[in-house]
Amino acid sequence: MSLLVKICGLSTPETLETALEAGADMVGFVFFPPSPRHLSLEAGRDLGRQVKRRALKVALTVDADDATLDNIMDALAPDILQLHGKESVARLRDIKQRFGRPVMKAVPVATSVDLAVLPGYAAIADRILFDARAPKDATRPGGLGEPFDWHLLENLDLNVPYMVSGGLDADNVAEALRVTGAGGVDVSSGVESAPGVKDSEMIKAFIRAARATQELSVR
Ligand SMILES: O=C(O)c1ccccc1N[C@@H]1O[C@H](COP(=O)(O)O)[C@@H](O)[C@H]1O
């Protein structure tokens, strides 16, 4: 199966266009006010329209309630819901039923103990996204540009697809894929010149570097 590349936290028409033209499979939009990438519903509506089925639209939320998700569904019409908070397995099930969209559950990783939640989530989620566990005093649970120890995923046996994120950039994405065997990668800070400011050249370089690993593996 081909590698999935997600560029997250897009907030301008120009950088969204760059990600789409460079071949991103998924484009992520953040709806979480403390984030420097947070979008208003109106901005989400406009950026969503620009995608025109060229990639899957991913709505990133953190412990959002139904009313918030209703508004995001109406504005962005996402293809996938990325749940990046402390949503329980039961909440995942409710969200899937109510909104009828695939869910990608972010699982924070610092040590092997963090992987104990996987059987529960994997029974409901359509995809797992591994991210570095944020420090306790962090203002957000992701998007911090910090990697985790990829070797923790080395012998992972998971019955749902998974992606890796956390501190990825054009220089380390090949190694992250080699170690984790993930089917996809997700990046935000690693394609930014400052928090929340996407850089078109960095987006292109990231997608090129991720795709190059695919070419190597089919040789
Ligand atoms: O991007 C954010 O601001 C964000 C806010 C709240 C939860 C998750 C967030 N981003 C996600 O975090 C990972 C890793 O990002 P980074 O590349 O280390 O900056 C990624 O999945 C983003 O989608």
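Index from 1, following the sequence. Order of appearance sets the numbers: ligands from 1, and atoms from 1 within every ligand.
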Can you list the ligand 1 atoms lying under 4.0 Å from a non-hydrogen atom of [X]?
X	result
Gln82	21 (O), 23 (O)
Val187	17 (O)
Gly166	14 (C), 18 (O)
Leu129	21 (O)
Lys6	23 (O)
Leu144	18 (O), 19 (O)

Which protein non-hydrogen atom lies closest to [atom], naming both residue and atom, and how far is it?
atom	result
atom 23 (O) of ligand 1	Cys8 SG, 2.9 Å
atom 4 (C) of ligand 1	Gly142 O, 3.4 Å
atom 1 (O) of ligand 1	Arg37 NH1, 3.0 Å
atom 12 (O) of ligand 1	Gly143 N, 2.8 Å
atom 20 (C) of ligand 1	Asp186 OD2, 3.4 Å
atom 19 (O) of ligand 1	Ser189 OG, 2.5 Å
atom 13 (C) of ligand 1	Asp131 OD2, 3.3 Å
atom 3 (O) of ligand 1	Ser35 OG, 2.6 Å

Side chain to side chain donor-acceptor pair (under 3.5 Å) between Ser2 and Arg211: does it pass, once the steps are laid out?
CA-CA 9 Å; Ser2 71; Arg211 296 282 177 229; 5.7 Å; no

If you compare all heavy atoms of [X] against all heavy atoms of [Y], which two are closest, and at what distance to 0.1 Å?
X	Y	result
Gly196	Ser11	O-OG, 4.0 Å
Phe31	Ser40	CE2-O, 4.0 Å
Ser189	Arg37	OG-NH2, 3.3 Å

Flag the pair [X] / [Y] as yes when at least one side-chain heavy-atom distance between them is below 4.5 Å, and no otherwise.
X	Y	value
Leu47	Pro13	yes
Thr61	Leu81	no
Phe29	Ile72	no
Arg127	Val160	no

Can you tell me if [X] contacts ligand 1 (heavy atom of the residue under 4.0 Å from the ligand)?
X	value
Gly9	no
Gly28	no
Glu192	no

Test: ring-ring contact (aromatic ring centres under 6.0 Å, His included). Region: residues 88-129. Which pairs qualify, not counting sequence neighbours?
none

For ligand 1, does [X] get within less than 4.0 Å through its side chain, its backbone, both, or neither, judged by non-hydrogen atoms?
X	result
Leu60	side chain
His38	neither
Ser188	both

Donor-acceptor pair, distance only, cut-off 3.5 Å: does the side chain of Asp126 make one with the backbone of Met104?
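Here the side-chain-to-backbone pair does not exist.
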
When only distance counts, is Pro36 in polar contact with ligand 1, meaning an N/O pair under 3.5 Å?
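No.
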
Please confirm whether Gly145 comes within less than 3.5 Å of ligand 1 when only nitrogen or oxygen atoms on both sides are compared.
yes

Charged N to carboxylate O under 4.0 angstrom, Glu17 versus Arg54?
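Between Arg54 and Glu17 there is a salt bridge, with a charged N closer than 4.0 Å to a carboxylate O.
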
Does either side chain, that of Thr68 or that of Asn71, offer a donor lying less than 3.5 Å from an acceptor on the other one?
no

Give the C-alpha distance, both sets of side-chain angles, the deciding distance and a yes or no for side-chain contact (heavy atoms from CB on, under 4.5 Å) between Val27 and Lys6.
CA-CA 6 Å; Val27 285; Lys6 172 170 173 270; over 6 Å; no

